[in-house]
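For reference, the structure discussed in these notes is given below.
In each ligand, atom 1 is the first atom listed, and ligand 1 is the first ligand listed. Below, all heavy atoms of this structure are taken into account, side chains as well, without hydrogens, waters or symmetry copies.
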Amino acid sequence: MPVIRRKPWALPESAATDESVYRNRRTLLKALGIGPLIMAGGGVPALAAAATDPTADLYPATRNLRYRLDRPETEKKHATTYNNFYEFGSHKGIAEASQAMKLRPWEVRIDGLVEKEMTIGFDDLIRQMPLEERVYRHRCVEAWSMAVPWSGFAFKALVDFARPLGSAKYVLMETQADKETMPGLNQTWYPWPYTEGLTLAEATNELAFLATGLYGKPMPKQNGAPMRLAVPWKYGFKSIKSIVRFRFTEGRPISFWERIQAQEYGFWANVNPKVDHPRWSQATERVLGTNDRVPTLLYNGYGEFVADLYKDMKEENLFM
Ligand SMILES: Nc1nc2c(c(=O)[nH]1)N[C@H]1C(S)=C(S)[C@@H](COP(=O)(O)O)O[C@H]1N2
Ligand SMILES: [Mo]
């Protein structure tokens, strides 16, 4: 295996300590001039602001009990204050900075190999989709994990809506890239915009979910408002945030992290505790909030849903 040097832009393995989770949160609260009394009500201010969201009436959506957890749900305060969203900075404390993001108007482009290319407003799109709530595990490639209730709809519903041509084999997704509100875009060595891709078979697998809400409310900005991907059997970087484009293609798209460091962050990126990252072990993960170390599961515990997708792909680098 080639020796891989630590690049300044590489994802850090330093899943920070619980202490820094609290430190980030305190910094956020201080910056917003909000003290612990208000927070006793639960949640960060960003979630309270969701009341003015034009889709607020859609939440909470009915929970789909087919998807179950093997662990407690992560507390909202952790999942909404410890984030990866490099558009707002290459560290975990971006919740405050991300509040600058403008969510309306929010247009979604559907193009490439589809019957008819289109641009559709997010509010128009979401009201045509079958909303539900699902609790999913989430396993970051940096070896921390959480388990949260997303609201949203099956990716398959979007694919059906987009009507891809028979020649389409992949779907590329793109995050908004707005220099005005996203300071991370000034780090020009990153290949913005953030992109990710799935095969159509993966995108139409029942687990692939387009999440528009979290904890029974519209999606907080820091978690990828107004719509982000949730593919819980893959490492977290596949779950692209704040999507503005779905492009259907015949060839395999190259994603953001793959462009940066393909030997560490490949196209498939399926979770496997037996295939270590070149710079750290993937055998266990640190649970956000409690800091418990628990064993990582093959396909992050979702093998019953997705293992068949890969049964004829033995030569592919499925777990990197
Ligand atoms: N556009 C965009 N999407 C992104 C990222 C990012 O930096 N930019 N980070 C990814 C990574 S590495 C992870 S672990 C998850 C984190 O999601 P969360 O902050 O909601 O926990 O978002 C993923 N989606
Ligand atoms: Mo991640």
Please state which part of E142 comes within less than 4.0 Å of ligand 1, counting heavy atoms only: side chain, backbone, both or neither. neither
Could E96 and K221 be called an ion pair, given the rule that one side-chain N must be under 4.0 Å from one carboxylate O? no
Quiz question: by atom type and distance under 3.5 Å, do the side chains of R293 and T284 form a donor-acceptor pair? yes
Taking both backbone and side-chain atoms of Y86, is any N or O found less than 3.5 Å from an N or O belonging to ligand 1? yes
Taking the six-membered ring for Trp, are Y302 and F305 parallel (under 30°), tilted (30 to 60°) or perpendicular (over 60°)? tilted
Quick check on S242 - does any of its heavy atoms sit under 4.0 Å from an atom of ligand 1? no
When you check the side-chain N and O atoms of Y194 and W257, is any donor under 3.5 Å from an acceptor? yes
Quick one: which ligand 1 atoms are inside 4.0 Å of a heavy atom on C140? 14 (S)
Looking only at side chains, do K92 and N84 share a donor and an acceptor under 3.5 Å apart? yes
Would you mind listing which atoms of ligand 1 come within a distance below 4.0 Å of any non-hydrogen atom of N223? 18 (P), 20 (O)
Under 3.5 Å, N or O to N or O, is Y82 touching ligand 1 that way? no
Regarding E132 and N64, do their side chains bring together a donor and an acceptor under 3.5 Å, going by distance alone? yes
Are any of the N/O atoms in N84 less than 3.5 Å from those in ligand 1? yes
Residues pairing under side-chain hydrogen bond (donor to acceptor under 3.5 Å, both in side chains) where one sits in residues 166-177, two or more places apart or in two chains, turn out to be E174-R245
Relative to ligand 1, is T175 under 4.0 angstrom through side chain, backbone, both or neither, heavy atoms considered? side chain
Using a 4.0 Å cutoff against the non-hydrogen atoms of S239, which atoms of ligand 1 qualify? 22 (O), 23 (C), 24 (N)
Residue set satisfying side chain to side chain donor-acceptor pair (under 3.5 Å) with E115, at least two apart, ordered chain then number -> R163
So for M146, does at least one of its heavy atoms come nearer than 4.0 angstrom to any atom of ligand 1? yes
The atoms of ligand 1 lying under 4.0 Å from a heavy atom of F237, numbered in the order shown, are 10 (C), 11 (C), 12 (S)
Is the closest heavy-atom distance from R228 to ligand 1 below 4.0 Å? yes
Under 4.0 Å from ligand 1, counting heavy atoms only, is it the side chain of W257, its backbone, both or neither? neither
In terms of its nearest heavy atom to atom 10 (C) of ligand 1, the top option of Y194, Y265, F256 is Y194
For the residue pair Y310 and E202, confirm or rule out a side-chain donor-acceptor distance under 3.5 Å. yes
For E87, take its heavy atoms, then give the atoms of ligand 1 lying under 4.0 Å from any of them. 1 (N), 2 (C), 6 (C), 7 (O), 8 (N)
Is the distance from the ring center of F161 to that of F246 below 6.0 Å? no
For W144, the ligand 1 atoms with a heavy-atom partner under 4.0 Å come out as 14 (S), 21 (O)
